[in-house]
Amino acid sequence: MKRAAAAGTLIPRNALVWIIISQFALLAPHLLRLPLWLVLVYLGTAVWRLLVFQGRASFPGRLVRASLALGGCVAVFLSYGNLLGLEPTVALLLIAFAFKLLELVKPKDAYVLLFLGYFICVIGFLFSQDILFVLYSLFTLVLVTTGLVALHRPREDHFRLGSLRLPALMLAQAFPLMLVLFFLFPRIGPLWTVPVKSHAAKTGVSDFMRPGDISELSQSDDVAFRVQFEGDIPPKSELYWRGLVFSVLEEGAWRSLRYNELPGLELRPPAVEPEGEPLAYTVLMLPTQQNWLYSLRYAQPAQRGILSTADYRLYSPVEIEEQLQYRVRSWPGTPLDPELSDWRRETELALPVQDNPATRALAQRLRDGAADSAAFVDAVLQYFRDEPFVYTLQPPLLTAENSMDQFLLQTRRGFCEHYAYAFVVMMRAAGVPARVVAGYQGGEINPVNRTVIVHQFDAHAWAEVWLEGRGWVRIDPTAAVSPDRIELGLEEAVAAEGSFLANSPLSPLRYRGVNWVNMLRLRYDALTYRWQSWVTGFDGEAQYRLLQDLFGSIRAPVFAGAILLSGVVVLVPVGWLLLQRRRPRPLPPEQRLFLEFCEQMRRRGMTRATGEAPGSFGRRVAREAPQLAGWAMQFIDAFEQLEYGGAPRDAAAYRQHLAGLRQQLRRVPGHRHQG
Amino acid sequence: MPVNAVETARSAAESGRFSRQFSRWLDRRIPPARSVTLDQRRIFIFPSLPGLFFFVLLLLILLTAINYQNNMAYAVAFLLATLFVVSILHTYANLAGLTLHALSATPAFPGQRSEFRLRLQRSGKAAHYALRLSWPQGSDSVVSLADRESCEVALYVPVGNRGWHNPGRLLLESRYPLGLLRCWTWLDLDLQALVYPRPLPTTAPPGGDGGRPEGNARETAGSDDFHGFRSYRPGDSLRQVHWKAVARGHSLQSKVYAAYASRTAWLDWEAFPGIATEQRLSYLCYWALALEKRGEDYGLTLPGVDIAPASGEAHQDRVLAALALYQHGAAAS
């Protein structure tokens with residue numbers, strides 16, 4: 001008996017198989033992020049555990065387990081250089097998950113392992129919340145749950161895919177209520193700081209611009225953000241998404257002003273009276289690990305938590321580590337800084353003292369030939385147009401100390417940042433306040449859902465010059481060199497060169513010409529937008545609006561009531577479905593009458609024994625209670641005739657018989673006295 | 001030591017009071033019956049230990065979701081929470097509609113184990129898995145009703161003293177499908193095992209003739225009346241050898257034939273004057289077994305009970321039952 005009890009506490013073979021399958025399924029999405037040796041650890045532990053199952057190896061001893069755990073920590077440290085960031089933590093968790101398999105003896109261990117599996121599934125979402133990945137994770141949840149179920153199935157169960165059915169069904173039944181909780185559960189801010197993705201690259205435009213930086217960024221077909229306009233989408237040539245303003249030129253590179261460089265009066269944006277009709281739109285930005293947000297000119301955030309800077313940009317106080325959705329209104333026609341403060345004028349005119357003498361001389365020459373600042377701007381643009389400048393994704397490296405002299409007079413091949421750089425230097429050299437603006441230009445309009453998709457290759461740099469009476473005016477020198485870039489986009493602008501996404505031959509964006517590929521891509525993108533704005537981007541703000549729409553006002557009782565009610569609505573059908581198949585089939589009426597007869601007899605002290613035939617029970621009653629004999633035998637005869645005899649089975653006769661039987665039962669002698 | 005004993009007794013009494021109250025409540029809620037179909041009145045359900053740890057896991061996932069502001073982590077937390085709720089229904093449904101029938105309980109001697117037989121039957125088409133049946137202090141058994149309508153289960157319960165042994169309530173529990181919840185019921189299947197007196201060897205009672213054959217037995221090889229077996233001695237006729245036993249692997253035994261003037265023994269209550277009831281019954285039990293083994297006829301006389309001399313298994317059962325139920329008759333009905 002002792003051995004039987006011990007066997008009963010071991011985990012069934014089938015559960016072991018499902019556990020190993022779910023381990024590998026959970027590991028798979030992390031593969032590209034992990035050092036290769038971790039995969040070998042998984043293979044090793046799985047093989048070891050299977051050998052243990054076959055009796056060809058034994059469980060590792062305490063010493064071996066301790067050294068494995070220590071070795072795992074050391075290996076992670078050597079691979080990542082630390083143990084504290086998110087990635088090393090995940091690697092440690094995955095190692096623990098693998099090693100736990102070697103301790104898998106009892107159901108208790110299996111619970112630990114499978115619960116850890118659920119948690120690792122969640123960890124995956126810290127790296128991606130893509131629709132396809134979420135679907136895959138749902139599948140891993142089914143696998144882990146199958147492991148839990150297999151733990152309780154008979155030991156002799158064999159592996160079959162049908163085992164997935166019940167867990168999938170249960171998760172499907174849980175799904176509707178999950179949705180209710182998802183949308184109604186209050187969203188609160190982080191409770192404490194957590195390890196972040198230390199290895200996640202900062203993406204998008206950086207706050208530091210050297211010639212060549214943006215053309216590098218333009219090799220990427222990643223989506224930077226998606227925009228949904230409430231009204232019509234403005235023409236592409238008007239879509240200048242401002243992200244950064246570079247006011248300082250230092251050591252050949254542009255950078256933006258630091259917060260501590262701003263005098264007290266310049267910290268906040270000057271009050272500006274918006275002009276014209278606003279554009280209202282929502283931006284859904286993917287994580288950049290940076291602080292700045294993108295918006296059209298003169299933007300006001302329509303929600304809390306977003307700041308405006310003195311140079312009219314939007315700024316997030318925290319780095320954007322998760323996707324961020326924000327609503328904005330822009331008044332593109334509004335003049336910015338109609339009055340320029342002395343400090344600002346000085347800043348926007350500053351140039352390193354001896355840099356680029358040829359460029360300065362050129363600027364001075366053009367300025368001398370122009371009547372005013374506006375005419376000077378035109379003259380410079382005309383210069384770009386007239387001279388043989390080439391717009392290219394593959395600009396030559398500028399090596400000289402005076403890089404703009406080299407660019408303007410020698411190479412004359414450049415990407416947007418070269419033109420913006422040169423333009424602003426020339427403006428400043430001639431005494432016109434100017435600065436470089438970086439961000440994105442244009443975007444792809446998805447006809448499926450009318451969103452503007454802005455890719456990394458839409459990254460762009462242009463200039464703003466300050467003109468008396470007009471404030472900051474946007475000037476795009478690139479448009480002078482390559483009007484196609486602004487009107488049509490990068491792909492058309494560099495079509496002759498064939499350099500568009502040259503490094504990603506498989507990007508679906510390269511096959512925009514193939515109609516069905518393009519349609520598929522746009523549909524998937526529309527789905528992704530909906531997914532990101534409604535599901536992964538669902539935040540407290542969105543929740544507030546949803547609840548306002550649903551209930552009018554947000555009160556705790558309404559809230560609790562809604563959750564309870566939806567719980568009932570979802571669970572009652574499930575319960576009904578489950579129990580429907582287990583309800584005892586109702587007995588035929590004559591048998592129910594017989595049971596009633598037995599009950600009456602029991603109250604008189606004559607209990608029908610298990611398996612006693614109705615006939616013999618009737619005879620026993622007749623023997624033990626002679627005063628009931630006649631009645632009991634009559635009843636039993638009638639019953640037996642109906643149950644076993646060839647009594648008529650047609651409906652009318654059957655009912656008649658039944659009525660007779662019922663009457664019999666009612667006429668029990670001494671019924672009233674016995675009560 | 002006495003202080004400890006008092007305390008132990010007090011705490012035992014206290015826990016006894018609770019368990020008495022609990023069993024009274026159970027008796028009202030689930031009255032004893034030979035066959036019981038499980039429904040919501042009879043099924044209890046509560047999170048198991050892994051189920052409680054599952055809540056810790058949910059909390060961890062929720063904290064991850066909050067701290068990383070990760071909506072998919074929220075979704076998994078809620079999905080697993082509702083999975084738990086859904087599994088309440090599934091775990092309950094795994095017991096619901098199950099019918100247990102009490103079949104039989106074999107008699108046993110004190111200190112031995114009695115075999116209790118039950119039948120489990122499902123009422124619908126749906127399968128029931130991982131049903132664990134056990135009696136307190138008894139063996140347990142795990143069965144499933146997947147591709148069969150019903151099955152029989154044998155459980156072994158050690159029995160106590162002479163009389164009817166009530167094994168208490170049967171525990172039927174299941175954690176299927178996820179193990180996060182434990183669903184159970186305590187059933188009184190109205191099934192009792194008969195416990196015979198403990199046989200105590202004694203010499204033949206002095207003065208009486210109980211236990212001793214009347215008249216003189218004579219071993220006669222040629223006689224036709226079978227008397228019993230004894231070890232083979234050299235010189236025994238080969239026709240006397242009990243070949244069937246040899247075939248079964250036993251040692252050589254010779255059949256002994258005897259003739260008596262009268263071979264009827266009476267096991268008489270009055271043969272042991274001045275000895276306590278239980279001990280008397282134990283002596284009588286010993287002699288009943290001994291005589292049955294020797295193949296002799298024996299009768300039983302107890303106050304109010306008279307069983308005519310005979311032998312054989314059925315007779316032995318009757319005699320032992322009478323001994324077992326002496327002054328316990330009320331419990332039998």
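Quick note on labels: first sequence line is chain A, next is B, and so on, each numbered from 1.
Listed by first and then second residue, the salt bridge (charged side-chain N to carboxylate O under 4.0 Å, His left out) pairs involving residues 129-150 of chain A amount to none (not counting sequence neighbours).
Both the backbone and the side chain of A:V535 come within contact range of chain B, each with at least one heavy atom under 4.5 Å from a heavy atom of that chain. Contact annotation for B:L63: only side-chain heavy atoms (C-beta onward) come within less than 4.5 Å of a heavy atom of chain A. The contact between B:L178 and chain A is made by backbone and side chain atoms together, counting heavy-atom distances below 4.5 Å. If you measure heavy-atom distances from A:L151 to chain B, you find no contacts under 4.5 Å at all. Using a 4.5 Å cut-off between heavy atoms, A:F175 touches chain B through backbone and side chain atoms alike. Neither the backbone nor the side chain of A:L114 has a heavy atom closer than 4.5 Å to any heavy atom of chain B. With a threshold of 4.5 angstrom between heavy atoms, B:S35 does not approach chain A through any atom at all. At a 4.5 Å heavy-atom cutoff, the contact between B:L62 and chain A is made by side-chain atoms alone. With a threshold of 4.5 angstrom between heavy atoms, B:V76 approaches chain A through side-chain atoms but not through N, CA, C or O. Contacts of A:T145 with chain B are made by both backbone and side-chain atoms, with heavy-atom separations under 4.5 Å. Neither the backbone nor the side chain of A:L116 comes within less than 4.5 Å of any heavy atom of chain B. For A:L179, no part lies under 4.5 angstrom from a heavy atom of chain B. Neither the backbone nor the side chain of B:F84 comes within contact range of chain A, judged by heavy atoms closer than 4.5 Å. Contact of B:F53 with chain A is made through backbone and side chain together, with heavy-atom distances under 4.5 Å. Contact annotation for B:L80: only side-chain heavy atoms (C-beta onward) come within less than 4.5 Å of a heavy atom of chain A.
No donor-acceptor pair under 3.5 Å is formed between the side chain of B:T185 and the backbone N or O of B:I43. A distance-only check finds a donor-acceptor pair linking the side chain of A:W531 to the backbone of A:Q129 [under 3.5 Å]. Side-chain atoms of B:E115 do not come within 3.5 Å of backbone N or O of B:S104 as any donor-acceptor pair. Looking only at distances, a side-chain donor or acceptor of A:D109 sits under 3.5 Å from a matching main-chain atom of A:K106.
With sequence neighbours excluded, no residue forms a ring pair (Phe, Tyr, Trp, His ring centres under 6.0 Å) with A:Y136.
Remark: B:D27 does not engage B:R24 in a salt bridge, criterion side-chain N to carboxylate O under 4.0 Å.
For A:R155 and A:N14, the side-chain atoms include no donor-acceptor pair closer than 3.5 Å. No hydrogens or angles considered: a donor-acceptor pair under 3.5 Å links the side chains of B:Q121 and B:H101.
For the set A:Q323, A:K108, A:Q173, A:M170, the count of heavy-atom pairs under 4.5 angstrom toward chain B peaks at A:M170. When B:L89, B:N70, B:L83, B:V143 are compared by the number of non-hydrogen pairs under 4.5 Å with chain A, B:N70 comes out ahead. Among B:A73, B:A81, B:A75, the residue making the largest number of heavy-atom pairs under 4.5 Å with chain A is B:A75. Top candidate by heavy-atom pairs under 4.5 Å with chain B, chosen from A:G147, A:P190, A:G575, A:G537, is A:P190.
Within a 6.0 Å radius of CG in B:D317, more than 12 heavy atoms belonging to other residues, nucleotides or ligands are found. For A:R530, the CZ atom is loosely surrounded, since the number of other residues' heavy atoms within 6.0 Å does not exceed 12.
With rounding to the nearest 0.5 angstrom, the CG atom of B:L79 is 9.5 Å from the SG atom of A:C121.
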